[in-house]
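Letters A, B, ... are given to chains in the order of the sequence lines, protein chains preceding strands, and every chain is numbered from 1. When reading the values below, keep in mind they use all heavy atoms of this one structure, side chains included, and skip hydrogens, waters and symmetry mates.
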Amino acid sequence: MSAREPLPRAYEPAEVEAKWFPIWEKSGYFHGKPVPGKKAYSIVIPPPNVTGILTLGHVLNNTLQDILCRYHRMLGEEVCWFPGTDHAGIATEARVEKYLRKEENTGRDELGREEFIRRVWQWRSEFGGKIIRQLRTLGCSCDWERERFTMDEGLSEAVRKVFVELYNKGYIYRGQRMINWCPVAKSALSDEEVIYKDVPGKFYHFRYPLADGSGYLVVATTRPETMFGDTAVAVHPEDERYRHLIGKMVKLPLTDREIPIIADLHADPTKGTGCVKITPAHDPNDFEVGKRHKLEVINIMNPDATLNGRCGAVFEGLDRFAARELCVKMLTEQGLVEKIEDIRHSVGYSERGDVPIETLVSFQWFCNMKELARPAIEAVRSGAIKFYPERWSKTYFHWMENIQDWCISRQIWWGHRIPAWYNDETGEVYVGLEAPTAPGKWRQEEDVLDTWFSSWLWPFSIMGWPEKTGELEYFYPTNDLVTGPDIIFFWVARMIMAGCEFMKEIPFRNVYFTSIIRDELGRKLSKSLGNSPDPLDVIAEYGADALRFSIVYIAPVGMDIRYSNEKCELGRNFANKLWNACRFRQMQGETTANFRELDPETISALSPDERWMLAKLDAAIASVGTALAEFRFHSAAHELYDLVWSNFCDWFIEAEKVPMRAGGAERERALRVLDYALFRILRLLHPFMPFITEELAHQMGFLGDDETIMYESYPVPDACATVDETELARVDGKFELVRGGRFLKASYNLPDGKKVKFYIKAVDGAALEFLTAQKASLMSLLNAAEIELSEADYDHAAGGAAPSQICRLGTVYLPLAGLIDVEAERAKLEKQQRELTGWIAGSKAKLSNERFLAKAPAQVVADAKAHLAEMEEKLARTAELLEALR
RNA sequence: GGGCGAUUAGCUCAGUUGGUUAGAGCGUUUGCUUUACACGCAAAAUGUCGGGGGUUCGAGUCCCUCAUCGCCCACCA
């Protein structure tokens, strides 16, 4: 191995990260392609909106996908992570409209359809897909050559094909129904795009005079302005208060219309006044009532939610909320207001527009989902698709089993235009992949499709469907999907339906639902609150590896994450720790040749510490593997953190300084084991911290310039050291003695660096033998001037009083000639005595319980007995020590 | 109105099928320029595992119940 520049003291991620990504990408390491006979692993990215920028949610989501991809790549599978963006109809159209308004004072209406769409494409090529570049900063190993956009020609063709197929099957139809209307987008929305919020409102009680002048009825409403669309007042048929009025007419205030009083079960006598105004055009329930009673449907609203000409000259063109106020004012003046109550009620908001939606009747395209849902429910029920955490399947089933028709048409321009043509002369409707060739004047449907109507095809459209591509053959179905539970209906459920319907095969086998990220106070991250950190700033400050590791480390399973930038210190410090472990090794000289595999000679010469370390490594490797297989990312991260920081750095490196100082064969063996362990650790960590591990693997000379850790094998437990439980316990026992000795020093305020003498009384001959062999190690770890080992009691008479600490392998004493605080020492021992006595009593009670002995597993009983013996032995030693203090 | 989740150290959270004395990070206290790391080292303190009841030889873990908080779904004028 060639000599390298010494590593700097502190890890500086910026340069390293900027260096490696282009190398990886240029070398084609991210590219996945069908390789017959090789195991395939694929993931499709949840396509971010083309308008989007990277958020912490994306960071979590894509880090997890990257961990999976890098892990499987190292397992030797052919990995392909398909990236791309979503055209996000309403969001993008609004975004570009805003941009054009600001930059050029123009917009949709001025430009016309064709030009506007051209300008959206232009905007996209200039500003769109920013997030795709940002994902590279995070280290995402997507196959960037395969980047797709939901409006690409191939994907658009898939959309048209699916539309035509479902139309021909009779699932897609056009109809006049009550739909959700967003006044901002001026478009219909699906039920899923409506978010219900509990907001303060008012409950208005108005008097509607009876037409015959015999009095009035009081109706209660939260939406006075809709009264222009009232076509009846309903009461419950059994409601004694109003029974006599059924069939009579009331005069609708602010209009010259008279409307009937009807009997309908919809009217709930316990609510409001028991009289409900019926506005069939603007309320789903009223629409049903209207149908039952053949009431006129009066639409009173323009697309932007201003009132229309049906409301009279005074109200025409007025915004709905202004109209509401004016209504109340005018009714007040006419003495028709009975009372106004303050209430909180649930109001549907447009997800994108963030304004209250209107429900109104309109012609739209719908897709009947009932039949599509059937196999998709079965796919999850049978376990073909698994959800992690499993409980989300309940949410899924509930929605799928009550699935409603999907309103798929949108009155915007940016999107897949519906492939339907109307012949106004004949009234014919033509649906097909291309415009009709039949003679006549055909006019294409103006509406476009819901964005999700292309997203639900993503797992196969991205692989070239409807063409029969090698990618589909090889990579479909994909393995894992990582996404947020908030789009389980929008996307996950619909993808499963689309996969089952068009591919006749599920789109993925496992779905991992990530946590939702909140701020430290538990609030959702949002632009308006200003509590949404920019991940790029975080990466600049802490490094991408640090951000990745931290966010995985702190992500609780299936719960919200409370995030703050400070938490990235954990990952940054960890990266620095790893860096310095390598730096330490580097300072010891050239890398040995056996870093991939230990040779038999080295294995046979391993020290107990080394076997201990290799056993810890194997154990960690095994549990990281299990954790990843079960999508317990955070426990894998915890496992790795402990392995590196505690086992490797705190104990092993410190312990190995002894053989390293010894020189010769001892030193050579220690270096080999260090190299072997370090290279394993780097590979283990690579999926989590790709940049620093690649850098260190090269800096350490494990890899040459044309090699990459990305394609090194992921470590598996190799049990190259025979696991001898007794020996492992002895090493742990040695470390316990070290901790005990350090505690004694700290208790007497002796600086850690001060060299002192210790006396260790071993519990038995075997312990004495082991500890004697470990004397150099003990001295180093304790920073001792001298250690006296014996099976005999410490001789207080000769050496003076000494504080002590009881450990499993023996008792460690700190001879202090005159400095001992006898009272403190006695208090410590007495406390220990009390505790031991208590535990022993409990333990004895348990062991004398016949039912425990009869029913508990033999191992548990044996452990309990051993534990009792240990405690009794310690208690005896405590008593001796107390005695010696006198 | 249904469904789901949470409640463990000052804070944020682990705790895999019930099994010795419930853990980590941050924070706090004490001492350290120990020849990798102050983004560090060594040591320490802090818990009636939300309340109550039950099952069990044994419960943070399983069951019931109550309380508080949060999320999702549902046509509530």
**Message:** Whether the side chain of A:Lys828 engages the backbone of A:Ser804 through a donor-acceptor N/O pair (distance < 3.5 Å, no angle test) should be reported.
**Reply:** yes
**Message:** Taking B:rG1 as the reference, what is the distance to B:rC76 when you measure between their P atoms (whole Å, please)?
**Reply:** 13 Å
**Complete:** Here the distance between atom C1' of B:rA43 and atom CZ of A:Phe735, to the nearest Å, is 17 Å
**Item:** Atom pair distance, as rounded to whole Å: CZ in A:Arg632 and C1' in B:rU16
**Value:** 6 Å
**Request:** Could you check how far NE2 of A:His236 sits from P of B:rC76, rounded to whole Å?
**Result:** 18 Å
**Prompt:** Using 4.0 Å as the upper bound for N to carboxylate O, is an ion pair formed by A:Glu736 and A:Arg739?
**Reply:** no
**Asked** What's the closest nucleotide to the A:Arg518 side chain, out of B:rU35, B:rG5, B:rC71?
**Response** B:rC71
**Message:** Between B:rC57 and B:rG47, how far apart are the two P atoms, rounded to whole Å?
**Reply:** 32 Å
**Request:** Map A:Tyr641 and A:Glu192 onto RNA chain B by nearest heavy atom, then report which one ends up closer to the 5' terminus.
**Result:** A:Tyr641
**Message:** Below the 4.0 Å mark, does B:rA77 have OP1 or OP2 next to a side-chain nitrogen or oxygen of A:His345?
**Reply:** yes
**Request:** Take nucleotides 37-42 of chain B nucleotide by nucleotide from the 5' end and write B, S or -, depending on whether a protein heavy atom sits under 4.0 Å from the base, only from the sugar-phosphate, or from neither.
**Result:** BSBSSS
**Fill in**
Looking only at B:rC4, B:rA77, B:rG19, the nucleotide nearest the A:Val860 side chain is B:rG19
**Request:** Please measure how far the C1' atom in B:rC63 lies from the corresponding atom in B:rG18, and state the result in whole Å.
**Result:** 13 Å
**Item:** Euclidean distance for P, B:rA67 against B:rG27 (whole angstrom)
**Value:** 39 Å
**Residues in salt bridge (Lys or Arg N to Asp or Glu O under 4.0 Å) contact with A:Lys577, at least two apart in sequence or another chain** = none
**Prompt:** What does A:Asn285 touch in the nucleic acid at a heavy-atom separation under 4.0 angstrom: a base, only the sugar-phosphate, or nothing?
**Reply:** base
**Request:** Find the distance A:Lys745:NZ to B:rG31:P and express it as a whole number of Å.
**Result:** 16 Å
**Complete:** Atom CG of A:Asp405 and atom P of B:rC75 are separated, to the nearest Å, by 14 Å
**Qualifying residues under side-chain hydrogen bond (donor to acceptor under 3.5 Å, both in side chains), relative to A:His345, sequence neighbours excluded** = none
**Request:** Return the 5'-most residue of the pair A:Val738, A:Leu570 with respect to RNA chain B, ranking by each residue's nearest nucleotide.
**Result:** A:Leu570
**Asked** For A:Arg562, which residues count as a salt bridge (Lys or Arg N to Asp or Glu O under 4.0 Å) partner, sequence neighbours excluded?
**Response** none
**Complete:** Those residues at least two apart in sequence (or on a different chain) that pass salt bridge (Lys or Arg N to Asp or Glu O under 4.0 Å) with A:Glu541 are none
**Asked** Taking NZ from A:Lys277 and C1' from B:rA77, how many angstroms apart are they, rounded to a whole number?
**Response** 8 Å
**Prompt:** How about A:Tyr553 and A:Phe574: are their ring centroids closer than 6.0 Å?
**Reply:** no
**Nearest-Å distance once atom P is located in both B:rA14 and B:rU65** = 25 Å
**Prompt:** How long is the line joining CG of A:Asp198 and P of B:rC76, in whole Å?
**Reply:** 11 Å
**Request:** Please list all pairs passing the salt bridge (charged side-chain N to carboxylate O under 4.0 Å, His left out) test where one or both residues lie in residues 225-235 of chain A, with sequence neighbours left out.
**Result:** A:Arg223-A:Glu225, A:Glu225-A:Arg324, A:Asp230-A:Lys277
**Asked** Touch check for A:Phe489, heavy atoms < 4.0 angstrom, all strands: base, sugar-phosphate only, or nothing?
**Response** sugar-phosphate
**Prompt:** Under 6.0 Å between ring centres, would you say that holds for A:Phe489 and A:Trp399?
**Reply:** yes
**Message:** Quick check against the 3.5 Å criterion: does A:Asn580 have a side-chain atom that pairs as donor or acceptor with the backbone of A:Arg9?
**Reply:** yes
**Prompt:** With a 4.0 Å cut-off, would you call A:Glu872 and A:Lys844 a salt bridge?
**Reply:** yes
**Item:** Separation between the C1' atoms of B:rU34 and B:rG70, rounded to whole Å
**Value:** 50 Å
**Complete:** The salt bridge (Lys or Arg N to Asp or Glu O under 4.0 Å) partners of A:Glu192 (sequence neighbours excluded) come to A:Arg494
**Prompt:** If the C1' atom of B:rG19 is compared with that of B:rU56, how far apart are they to the nearest Å?
**Reply:** 12 Å
**Message:** Here's a test for you: under side chain to side chain contact (heavy atoms under 4.5 Å, CB included), which of A:Lys831, A:Lys874, A:Glu870 qualifies with A:Leu836?
**Reply:** A:Lys874
**Asked** To the nearest angstrom, how far is A:Lys831 atom NZ from B:rA44 atom C1'?
**Response** 11 Å
**Prompt:** Between B:rC49 and B:rC11, how far is it from one P atom to the other, in whole Å?
**Reply:** 16 Å
**Request:** For A:Pro857, report the nucleic acid contact type (base, sugar-phosphate, nothing); a contact means any heavy atom under 4.0 Å.
**Result:** base
**With A:Tyr196 via ring-ring contact (aromatic ring centres under 6.0 Å, His included) - residues at least two apart** = none
Side-chain donor-acceptor distances from residues 647-660 of chain A under 3.5 Å, at least two apart:
residue  : atom : partner  : partner atom : Å
A:Glu654 : OE1  : A:Lys657 : NZ           : 3.3
A:Glu654 : OE2  : A:Lys657 : NZ           : 3.1

**Prompt:** With pairs taken as Watson-Crick or G-U wobble and both distances under 3.5 angstrom, which stems of at least three consecutive pairs involve RNA chain B?
**Reply:** B:1-7 with B:67-73, B:10-13 with B:23-26, B:28-32 with B:40-44, B:50-54 with B:62-66
**Message:** To check you understand the geometry: which heavy-atom pair defines the closest contact between A:Ile340 and A:Val328, and what is its length?
**Reply:** CD1-CG1, 4.0 Å
**Request:** Quick one: label A:Lys271 by what it contacts on the DNA or RNA (base, sugar-phosphate, nothing), any heavy atom closer than 4.0 Å.
**Result:** base
Distances under 3.5 Å between protein N/O atoms and the N/O atoms of nucleotides 9-14 of chain B, please, pair by pair.
residue : atom : partner  : partner atom : Å
B:rU12  : O2'  : A:Lys567 : NZ           : 2.9

**Prompt:** What residues in residues 842-856 of chain A put a non-hydrogen atom under 4.0 Å from any atom of RNA chain B?
**Reply:** A:Asn849, A:Arg851, A:Phe852, A:Lys855, A:Ala856
